[in-house]
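Working notes for the structure below.
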Amino acid sequence: MLDEAERRYKCGEILRVIADDLGVSRQRLADRLRDRGVRLRREKPSSGEVLEMCRRYEQGESLARVGERLGFNASTVRTNLLRAGVSLHDPHGRER
């Protein structure tokens, strides 16, 4: 059951629809998928993930590359770097 739910979620279905089909609550399904290591869409990065974003970006990785490696989009990485006080670089790697 969880294998199928995970497959459907990764294919883009929303939790509520999958949970309804399985007869469980959305929250219970979300918890079970997280237990399996599935990153849920629109979930905020943990403090450890933000530190990793900072480390990778400061070592020269692009916003897109950092996001790709950690499972977030570049915009999410950028937002969290700014909140953490990291100075962003221009497209050529120079500080702004």
*Between Tyr9 and Arg41, is there a donor-acceptor pair closer than 3.5 Å when you use the side chain of the first and the backbone of the second?*
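Present.
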Distance (rounded to the nearest 0.5 Å) between [X] [atom1] and [Y] [atom2]:
X	Y	atom1	atom2	value
Leu33	Leu15	CG	CG	6.5 Å
Glu6	Arg36	CD	CZ	4.5 Å
Leu70	Arg39	CG	CZ	7.5 Å
Glu49	Cys54	CD	SG	12.0 Å

*Could you go through the side-chain contact (heavy atoms from CB on, under 4.5 Å) check for Val77 and Tyr57 one step at a time?*
CA-CA 9 Å; Val77 174; Tyr57 185 77; 5.6 Å; no
For [X], check side-chain contact (heavy atoms from CB on, under 4.5 Å) against everything at least two apart and list the hits.
X	value
Ala5	Ile18, Leu22, Leu29
Arg83	Thr79, Asn80
Gln59	Arg55

Mind checking whether [X] and [Y] sit in one hydrophobic cluster, side chains of I, L, V, M, F, W, Y counted as touching below 4.5 Å?
X	Y	result
Leu51	Leu82	no
Leu40	Met1	yes
Leu63	Val86	yes

_Note, Arg32 side chain near Val24 side chain (heavy atom, < 4.5 Å)_ =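 With C-beta onward as the side chain, the pair stays apart.
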*Salt bridge Asp31-Arg34, side-chain N to carboxylate O under 4.0 Å*: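 A salt bridge links Asp31 with Arg34.
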*Dump the intermediate steps for side-chain contact (heavy atoms from CB on, under 4.5 Å) on Arg8 and Val17, then the final yes or no.*
CA-CA 10 Å; Arg8 289 173 62 184; Val17 170; 4.1 Å; yes
*Evaluate the side-chain contact (heavy atoms from CB on, under 4.5 Å) criterion for residues Val66 and Leu81: first the C-alpha distance (whole Å), next the side-chain angles of each, then the deciding distance (0.1 Å), finally the verdict.*
CA-CA 11 Å; Val66 172; Leu81 291 176; over 6 Å; no
*What are the two closest heavy atoms between Met53 and Phe72, and how far apart are they?*
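Smallest heavy-atom distance, with atoms named: CE-CD1, 3.5 Å.
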